[in-house]
4 protein chains.
Amino acid sequence: MAAKGKPEGAKKLRVTVWSEYRHEKKNAKVAEIYPKGMHEAMATPLRKDPNLEVRTATLDEPEHGLTEKVLAETDVLTWWGHTAHGEVKDEIVARVQKRVLEGMGLVVLHSGHYSKIFKTLMGTTCGLKWREAEDQEIFWITKPGHPITAGLDDRFVLDKEEMYGEHFDIPEPEETIFISWFTGGEVFRSGCTWRRGAGKIFYFRPGHETYPTYHDKNVQRVILNGVHWCAPDAGGKVQRDHFKSILK
Amino acid sequence: MAAKGKPEGAKKLRVTVWSEYRHEKKNAKVAEIYPKGMHEAMATPLRKDPNLEVRTATLDEPEHGLTEKVLAETDVLTWWGHTAHGEVKDEIVARVQKRVLEGMGLVVLHSGHYSKIFKTLMGTTCGLKWREAEDQEIFWITKPGHPITAGLDDRFVLDKEEMYGEHFDIPEPEETIFISWFTGGEVFRSGCTWRRGAGKIFYFRPGHETYPTYHDKNVQRVILNGVHWCAPDAGGKVQRDHFKSILK
Amino acid sequence: MAAKGKPEGAKKLRVTVWSEYRHEKKNAKVAEIYPKGMHEAMATPLRKDPNLEVRTATLDEPEHGLTEKVLAETDVLTWWGHTAHGEVKDEIVARVQKRVLEGMGLVVLHSGHYSKIFKTLMGTTCGLKWREAEDQEIFWITKPGHPITAGLDDRFVLDKEEMYGEHFDIPEPEETIFISWFTGGEVFRSGCTWRRGAGKIFYFRPGHETYPTYHDKNVQRVILNGVHWCAPDAGGKVQRDHFKSILK
Amino acid sequence: MAAKGKPEGAKKLRVTVWSEYRHEKKNAKVAEIYPKGMHEAMATPLRKDPNLEVRTATLDEPEHGLTEKVLAETDVLTWWGHTAHGEVKDEIVARVQKRVLEGMGLVVLHSGHYSKIFKTLMGTTCGLKWREAEDQEIFWITKPGHPITAGLDDRFVLDKEEMYGEHFDIPEPEETIFISWFTGGEVFRSGCTWRRGAGKIFYFRPGHETYPTYHDKNVQRVILNGVHWCAPDAGGKVQRDHFKSILK
């Protein structure tokens, strides 16, 4: 049986870190926090895992960096977008959805909640309350023992973050992994999972561009855990062919 | 508190029965079974319930019969389509989705599994196996006590139906109500429910156009039960405004 | 079809409000807040609903007030316990479980999370964090449009309550209705539902005995909504016989 | 990060195969099919996996072979019982439940559906229909891509088995993996998963003692996959201590 996280025949789990890479070019504060771009900040800690093979892709590359070839060679895709959801081409969204249903994992980060791909897979508005006001955020683990929480204590804290508040308009999560507390009085289901087709999806809330969230060790650990958790399950050849045929 | 099935201020639960109404015009066999159209066969037993106010709408009417006004006055929509999913305009699909998320119930029937509206709300391909070969279908109740099963025995039978077989590519149902057995050796999750936004969705399998399925008393009972189950829950005014604002 | 909340043949929905009735006799502060007992404070607002027929039962009555006859005549049972979970006889717990599986609704309140009946139905420890420190509690609605939230705004507040914090060791809720925020930094899934057999279960967090929580209008509204939501669904006679036979 | 299936510090995944071992001693037909006992037939294919360390335990050993020490050294327990559920001591059931909630995986086989440990973890009767009549059973995969289905086609067949039919009185499964078709007209959710505490549970239907089911390659594959799937997730030390403290 192929080991989890390494599909049959593959040597390593192939991860593509996708990000808009816009704020970093226009906003000095963001550029200072993430001088090489947010995608590089997300990719760097993943590259320390010898079981992963990590590349990045960004909005302004041809086909947003998500060609048929790149997606065919991607086992897990992570997605961060904020200011330019509308610029992502419908054709590329359909291509990503097809790969998720075939089994590619998808980690959706922060304002990616409002991306076309997440809304397409959920079927809902994915709306929520928000406020930028230096709230403290406390992440409580609601699923101890789950692989996405490996290595964590019973909670972890970010000193300053944008607030996201309920009601978060998503289908009932299959697993609620984290719930966040904010100074201003709000709560949020900040770590949730779903399966769609043969693919697994993990939504993880934090990561506003004006905070150094992706330099935080706990956040990095959760993303690493999430990438491993979303890895395609082995499945059989016949089953994969089945998905390919109904997705043709 | 407003009674279930009758939103605050409304006198009756307002149901719109939607159907393609194409096969009946082209196929003599279908026309013989459903001389007034399948939508009329579905609407007739619902009209016997004094708590319901029932209208019909079909594909070839302007805006497919689903104008803003009609949808605003619809508490539960039932959907049957087969041969012309592609002709349903994306604009109307978006309009129906918006109403479901606001709280309108949706009962999806038979080949409606492949309609744009169902695939949009599920986020998956909704693909399945199928065969037209006079299979017998036995519906087993897997959720006794559920209102959708009210008045039924522990199973019911259709002597001849089209077969639908697993794998059915849907998100894990929130409730599995019926599972079907077919003569040829297949099984199918033939009654399933989900919530999306404030709306409830019930998928119910039977109803191939060349069989008199919608004249069957048990099928009629399940559709009646399903319409009542999908009725909008009362909710508060503030909550409804919330959905309207995030859906604007 | 029988109306929801009124099983076939019954004139009204029959509710039994169960409480330990111990703190009120020993603690002057509790007696001052609830001079007729917590059960009476819970039952009084329910009695204003003409669709309900409400009785109470307490720990020190014979058979804890939950004789075979009382339970046979109960459609929904509400449960509050705290100091004396261990005194509830296993025989009575088994009797209540049997009725829930047959279709009786169960509303579990506050420290009832640690009652034998709730732990029996969940299969887990139902453990949690807690602190008595005058925290403010904000209840956020995570399921707008759900009947348990009818009449509420998008949140409601209790000025002082005992804190309950995650991790709450329960099976993944089928529906998460409320999540609470506490001044001290904790969060809690404070409104959750599950089905077991033909019965529906609603857990609702607030109600420490030293606070006037059950005099709060929003809390009263949620309990009223919860009682209606937990009402037995009509079901068919054959289905009810089925449960009686496997439960014999 | 610890590899899945190998908790931190452990060299191999430690599996205990538990079985009643009664039919084999009394029924010549069973003894002929399983000369070394059903537990040995189940354990033998698992022993071929170099990542597993496999032992067996049976009802008539002291403490049913499930001492504190054995359970402390068990990562995944498989359970087959039929004729003697009532002889399993409540004290041992509580011990097994405690270990599951701490994270030990549990694979429940065939008539183990009616074991004390399964009913305790589910909170329901776990009742079902059954018939011994040489039915053919076809297992349809309803979750392609799931690790429990790795290596399988879209279905597999057992020529003769005991029939189990719906309604199966279990809490709504978190994942429905297989649904079975039987010659006589019944269906059954024959592969289901749940989480309880930090532990994962997989129920897998086939295995009546008078058929050579546990010699079937597909059945062996599913049990092997299920054992790996149920393996404790890594989790953090603090989280494990949390479970130990609330379970003390």
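Source: prediction; values computed, not measured. Here is how names work: the chains are called A, B, and so on, in the same order as the sequence lines, proteins then strands, and each is numbered from 1.
In this structure, C:Trp140 contributes its side chain and A:Gly185 its backbone to a donor-acceptor pair below 3.5 Å.
Heavy-atom distances place the side chain of A:Ile138, and not its backbone, under 4.5 Å from chain C. Neither the backbone nor the side chain of C:Phe188 comes within less than 4.5 Å of any heavy atom in chain A. Residue C:Glu186 touches chain A through both its backbone and its side chain, counting heavy-atom pairs closer than 4.5 Å.
Each of A:Glu166, A:His167, A:Glu172 was checked for a side-chain contact (heavy atoms from CB on, under 4.5 Å) with C:Lys143, and the lone residue meeting it is A:Glu172.
Remark: A:Thr176 OG1 to C:Ile179 CD1 distance equals 7.0 Å, nearest 0.5 Å.
Annotation for C:Glu132: atom CD counts as buried by contact number, over 12 foreign heavy atoms lying within 6.0 Å.
When all heavy atoms of C:Trp181 and A:Thr183 are compared, the pair lying nearest together is CZ2-O, 3.7 Å.
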